There are 2 protein chains.
Amino acid sequence: MSDFKNLDPLLHSQLRLAVMSLLVSVQSAEFVFIKEKTGATAGNLSVQIDKLNNAGYIEVTKSFKGKKPVTTCNISKKGIEAFESYVNTLQSYIKK
Amino acid sequence: MSDFKNLDPLLHSQLRLAVMSLLVSVQSAEFVFIKEKTGATAGNLSVQIDKLNNAGYIEVTKSFKGKKPVTTCNISKKGIEAFESYVNTLQSYIKK
DNA sequence: TAAAGTAGTTTACAATATAAACTATAATTT
DNA sequence: AAATTATAGTTTATATTGTAAACTACTTTA
């Protein structure tokens, strides 16, 4: 790509982008909350959260709220930076 | 997706987005020019141009420059509208 | 006339996204 | 108390997509 910088493929996915954009503003959110906000299915969300986690863009902690399992996602510094960089690259595409 | 509107999958692809963003500014461009600007391989570009064409986002005309075949792509009204709509949706993601 | 270049297209494969099916536990209902 | 429904996810199977490699067809050059 000469004129067009590569878009981070991890962020260039509708659901992962939605998750990250949510986490950028709230920093921390629970699985169920993210699921509702994004409208994703649990399976799809689970997979995509895994990928973001493996990339170090978010940190995932599992605990219990009463007797129910709760998965909490926190955006990492690396995640914030990646998101900002992605947004900048994207802007360069759409305002050519 | 409750909070997040769907991103047109035809535009949410790095190469097709690059092609469309190029065509939005220049209106009309030749295959080889697009190939150079985007850094895509000919095969990949050919496939993606086909998809944009089938969607009615661009019009493709084939002619000759001297004895060499030339494929020219023109963005359509529908394409411009789709691009603008995509950009708006995207903006709503990244400035939440 | 053989080799290399140009302009693409087709096809085969790898990667991705997604839903469906599943696990595990808890709370209700009958 | 057994069966049913609900909650919170995970795993897996499939369909879709993206991409490069291989190919076609023609032209130019050595």
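This structure is a prediction, so every number in the text was calculated from the model and none was measured. A note on names: the letters A, B, ... follow the listed sequences, proteins ahead of strands, and every chain is numbered from 1.
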(message) Among C:dT18, D:dG18, C:dT10, which nucleotide has an atom closest to any side-chain atom of B:Val47?
(response) C:dT10
(message) What's the closest nucleotide to the side chain of A:Thr71 if the choices are D:dG9, C:dA26, D:dA20?
(response) D:dG9
(message) Does A:Lys51 reach a base, just sugar-phosphate, or nothing at all? Heavy atoms under 4.0 Å.
(response) sugar-phosphate
(message) Just the rounded figure in Å: distance from P of D:dA20 to CG of B:Leu15.
(response) 9 Å
(message) Strictly distance-based, threshold 3.5 Å: is any side-chain N or O of A:Ser85 a donor or acceptor partner for the main-chain N or O of A:Glu81?
(response) no
(message) Base, sugar-phosphate or nothing for A:Val70? Non-hydrogen atoms, less than 4.0 Å.
(response) sugar-phosphate
(request) Check every atom of D:dT10, C:dA19, C:dA7 against the side chain of B:Lys68 and return the nucleotide holding the closest atom. (result) C:dA7
(request) Specify the separation, in whole Å, of atom NE2 of A:His12 and atom P of C:dA15. (result) 18 Å
(message) If I take atom CG in residue B:Asp8 and atom C1' in nucleotide D:dT17, what distance separates them, rounded to the nearest angstrom?
(response) 14 Å
(message) Closer than 3.5 angstrom, by distance alone: can the side chain of A:Ser13 be matched with the main-chain N or O of A:Leu10 as a donor-acceptor pair?
(response) no
(message) Is there a side-chain contact between A:Arg16 and the phosphate of C:dA17, meaning an N or O under 4.0 Å from OP1 or OP2?
(response) yes
(request) Select base, sugar-phosphate, or nothing to describe what B:Ser46 touches, counting heavy atoms under 4.0 Å on all strands. (result) base
(request) Return the 5'-most residue of the pair A:Gln48, B:Glu30 with respect to DNA chain C, ranking by each residue's nearest nucleotide. (result) B:Glu30
(request) Calculate the interatomic distance between B:Leu11 atom CG and D:dT17 atom P; express it in whole Å. (result) 13 Å
(request) May I have the distance from B:Leu45 (atom CG) to D:dG18 (atom P), rounded to whole angstrom? (result) 13 Å
(message) Would you say B:Thr41 places a side-chain N or O within less than 4.0 Å of OP1 or OP2 belonging to D:dA20?
(response) yes
(request) Compare the minimum distances between each of C:dT18, D:dA8, D:dT19 and the side chain of A:Pro69, then state the nucleotide with the smallest one. (result) D:dA8
(message) Under a 3.5 Å distance rule, please check whether B:Ser76 uses its side chain to pair with a backbone N or O of B:Gly56 as donor and acceptor.
(response) yes
(request) Report the C-alpha distance between B:Gln48 and B:Asn44 in whole Å, list the side-chain angles of each, state the deciding distance to 0.1 Å, and finish with yes or no for side-chain hydrogen bond (donor to acceptor under 3.5 Å, both in side chains). (result) CA-CA 6 Å; B:Gln48 307 312 329; B:Asn44 191 7; 3.0 Å; yes
(request) Would you kindly give the CG-to-P distance between A:Asn44 and D:dT10, to the nearest whole Å? (result) 13 Å
(request) In whole angstrom, give the distance that lies between atom CD of A:Gln14 and atom P of D:dT17. (result) 13 Å
(request) Return the nearest nucleotide to the side chain of A:Val32; candidates are D:dA8, C:dG8, C:dA19. (result) D:dA8
(message) Between A:Lys35 and A:Glu30 (salt bridge meaning N to carboxylate O under 4.0 Å), is one present in this structure?
(response) no
(request) Using a 4.0 Å heavy-atom cut-off across all strands, classify B:Lys62 as base, sugar-phosphate, or nothing. (result) sugar-phosphate
(request) Please figure out whether A:Ala42 or B:Lys67 has its closest DNA chain D nucleotide nearer the 5' end. (result) A:Ala42
(request) Send over the distance from B:Leu7 CG to C:dA17 C1', rounded to a whole Å. (result) 14 Å
(request) Using atom types as modelled and distance alone, determine if a side-chain donor or acceptor of B:Tyr93 lies under 3.5 Å from a backbone N or O of B:Lys5. (result) yes
